[in-house]
Amino acid sequence: MNKTELLEGPILSSLLKLAVPIMIANLLQAAYQLVDAFWVGRLGGDAVAAVSVSTPVIFLTIALGTGLAIAGSILIAQYFGAGLQEMVNHVAAQTLLMVITVSVVLSFIGYWLSPYFLYLLKVTPQVYANALGFMQIAFIGLVFSFSFMIFQSVMRGVGRVTLPVYIVLGTVILNFALDPLFIFGWHFIPAMGVKGAALATLSTQSLAIIIGFAILFRGKHGIHLQLKDFKPDFKHIKKAFKIGFPSSIEQSMRAVGLTAITFLIVHFGTTTVASYGAGSNLIQLIMIPALGLSMAIATLVGQNIGAGNMLRAGKIAKLGAYLGFGLLTGIGIIAYAFAPYLIAFFVPNDPAVIAGGTTFLRITCLSWGFLGLQMCLLGVFRAVGNTTLPMILTLVSQWVLQFPLAYILSHNTSLGAVGIWWAFPISTVITAIVTMLIYAKGDWKKERLSGKTNKLIDKVEKEIVKEGFEVK
């Protein structure tokens with residue numbers, strides 16, 4: 001997409017042209033896990049368990065990279081909208097430098113602590129060796145996965161969202177081909193079992209970021225990096241970390257919140273756990289369009305704020321919120337109608353789980369529109385650099401509303417396990433209403449804005465000039 005279209009073209013068209021490729025890229029990223037699960041499943045239950053116990057630890061670590069990527073995207077969108085190309089290049093390089101440094105440190109720490117993580121998770125001896133190998137290779141690969149996150153975010157910041165889709169699609173196909181070779185062996189390639197799945201993912205992700213770096217250094221797609229851009233600018237790194245860290249906490253708390261709910265569900269037996277598992281798989285899928293739309297809104301609002309188009313930024317925010325509410329409400333109505341069939345897709349031969357999962361899905365799905373509304377408005381707050389508010393709202397939703405409600409309704413009423421299900425829509429609707437009221441108050445419009453350019457842009461630009469980084 002060209003800059004004129006993003007800043008002056010039809011809003012709905014611009015939003016969809018940004019959101020749809022982001023959604024596709026997120027779906028393809030999820031395909032990495034599905035491909036690994038498909039091939040590892042051929043090794044048996046212990047192998048599947050080895051991957052399963054490693055996933056939460058890796059996910060929590062990746063949450064930090066996700067937050068830093070959000071910071072890069074916010075700053076780049078505003079500089080790009082303001083027409084400060086030198087700043088766009090500078091921010092992209094400094095964000096990459098920051099994330100690569102953080103990922104290398106986390107890789108060393110994670111690799112070294114992997115045995116202790118598995119000990120805390122009380123992994124059985126049959127699973128331990130495979131889980132350790134998988135986790136340690138995954139930690140080695142953090143530098144590649146973090147770097148590609150930043151590549152995607154900087155491309156998103158300048159509105160070039162289709163290019164990462166092609167790269168991810170190619171690496172997913174390659175991953176599907178490499179998995180069986182590394183897992184089961186072939187000619188001179190030794191069979192590595194579960195570790196082979198992690199190695200295949202590491203190989204494809206490293207190839208992806210090599211392609212990404214080549215694109216950034218060639219300068220044909222809105223960003224042109226040069227080696228001089230990587231000279232450390234600690235004031236900017238501090239600024240980006242300050243913006244990104246709350247988003248990292250937000251993503252981490254979402255994962256921890258789901259784990260905490262699982263502890264409550266286990267109390268009600270295997271059928272309830274399986275019902276939740278099948279239903280939550282669908283919730284993870286519907287989060288993909290909501291996240292895609294939220295990221296598109298953050299990019300488009302950020303660029304228009306940077307260009308001083310505050311009126312257009314407000315129109316984008318309002319249309320995006322309507323679109324998020326309408327899209328996820330529609331998906332929720334379809335899910336309500338076809339709930340038994342959707343659950344049966346995951347658990348085809350267990351009537352009790354199908355019945356339990358259907359109840360869970362029907363209680364939660366009609367509130368999905370409020371989830372879409374909330375996520376789209378959070379994208380607006382992030383666009384002005386306010387990542388603390390989304391973090392606070394997520395913490396309130398998970399720990400002040402959802403978890404206490406789930407405990408009270410399941411343990412102190414006759415609802416039992418169904419009380420846990422009701423905690424989801426109640427907390428979602430309340431959080432969405434609070435988010436909407438904060439948005440309607442309008443502080444986000446004046447919080448960062450000064451004249452044509454954003455105060456954040458002015459301040460960071462002055463800091464960079466002061467440190468000897470000339471902005472032409």
Side-chain angles (χ1 to χ4, degrees), residues 1 5-6 9-34 59 62-63 65-67 69-74 76-77 145 148-169 171-172 247 250-251 254 280-304 313 316-332 334-335 365 368-383 387 390 394 428 432 435:
M1 294 180 68
E5 187 177 359
L6 291 169
I11 292 174
L12 181 60
S13 171
S14 297
L15 264 180
L16 292 178
K17 284 180 180 178
L18 282 174
V20 172
I22 293 171
M23 292 176 197
I24 294 171
N26 288 342
L27 279 169
L28 289 172
Q29 289 286 2
Y32 265 111
Q33 282 73 44
L34 292 175
F59 184 84
I62 287 175
T66 304
I70 287 171
S73 182
I74 290 167
I76 287 168
S145 57
F148 193 73
M149 279 184 211
I150 299 302
F151 170 73
Q152 287 181 296
S153 75
V154 298
M155 287 289 102
R156 188 165 65 243
V158 296
R160 309 295 175 93
V161 289
T162 54
L163 198 55
V165 173
Y166 297 128
I167 297 172
V168 176
L169 176 61
T171 54
V172 167
S247 291
E250 177 192 347
Q251 301 300 321
R254 288 185 188 276
S280 61
N281 283 338
L282 290 164
I283 291 176
Q284 294 301 317
L285 284 175
I286 67 102
M287 285 288 284
I288 289 174
L291 279 169
L293 199 53
S294 179
M295 289 177 179
I297 289 167
T299 298
L300 207 53
V301 170
Q303 289 185 353
N304 280 272
I316 293 164
K318 189 177 291 186
L319 179 61
Y322 283 133
L323 193 59
F325 182 81
L327 176 64
L328 265 73
T329 296
I331 295 173
I334 294 169
C365 66
W368 288 351
F370 290 92
L371 179 64
L373 171 69
Q374 181 202 351
M375 298 204 60
C376 288
L377 293 181
L378 292 184
V380 178
F381 299 144
R382 291 191 187 100
T387 52
T394 298
T428 296
T435 305

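Note that the structure is predicted; figures quoted are calculated from it, not measured.
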More than 12 heavy atoms of other residues, nucleotides or ligands under 6.0 Å from CZ of Phe148: yes or no?
yes
Indicate yes or no: at least one non-hydrogen side-chain atom of Met295 is less than 4.5 angstrom from one of Val161.
no
To check you understand the geometry: which heavy-atom pair defines the closest contact between Leu293 and Cys376, and what is its length?
CD2-SG, 3.6 Å
Would you compute the distance between atom CE of Met23 and atom CG of Leu16 and round it to the nearest 0.5 angstrom?
7.5 Å
Working for side-chain contact (heavy atoms from CB on, under 4.5 Å), residues Asn26 and Met287
CA-CA 10 Å; Asn26 288 342; Met287 285 288 284; over 6 Å; no
Looking at every non-hydrogen atom in both residues, tell me the closest pair between Leu291 and Met375 and how far apart they are.
CD2-CE, 3.3 Å
CD1 (Ile331) and CG (Leu282) are apart, to the nearest 0.5 Å, by 11.0 Å
In Å, rounded to the nearest 0.5 Å, how long is the span from CZ of Arg156 to OG1 of Thr299?
5.5 Å
Closer than 3.5 angstrom, by distance alone: can the side chain of Ser153 be matched with the main-chain N or O of Ile150 as a donor-acceptor pair?
yes
Minimum side-chain heavy-atom gap Leu323-Ile297 below 4.5 Å
no
Is the closest side-chain heavy-atom distance between Ile62 and Met149 below 4.5 Å?
yes
Which atom of Arg382 lies closest to which atom of Ser294, heavy atoms considered
NH1-OG, 3.7 Å
For Trp368, run the side-chain contact (heavy atoms from CB on, under 4.5 Å) check against Ile283, Thr329, Leu373, Thr428 and tell me which one passes.
Ile283
Could you tell me which non-hydrogen atom of Ala383 sits nearest to which non-hydrogen atom of Val301, and how far apart they are?
CB-CG1, 3.6 Å
Any donor-acceptor pair under 3.5 Å from Ser73 side chain to Ala69 backbone
no
For a quick test of reading the model, state the closest non-hydrogen atom pair linking Val165 to Leu28 and the distance between them.
O-CD1, 3.8 Å
With Phe381 via ring-ring contact (aromatic ring centres under 6.0 Å, His included) - residues at least two apart
none
Identify, with sequence neighbours excluded, every residue that meets side chain to side chain donor-acceptor pair (under 3.5 Å) alongside Thr171.
Tyr32
Checking the side chain of Thr394 only, and the main-chain atoms of Pro390 only, is there a donor and an acceptor separated by less than 3.5 Å?
yes
Non-hydrogen atoms of Ser14 and Leu300 that approach each other most closely
CB-CD2, 3.8 Å
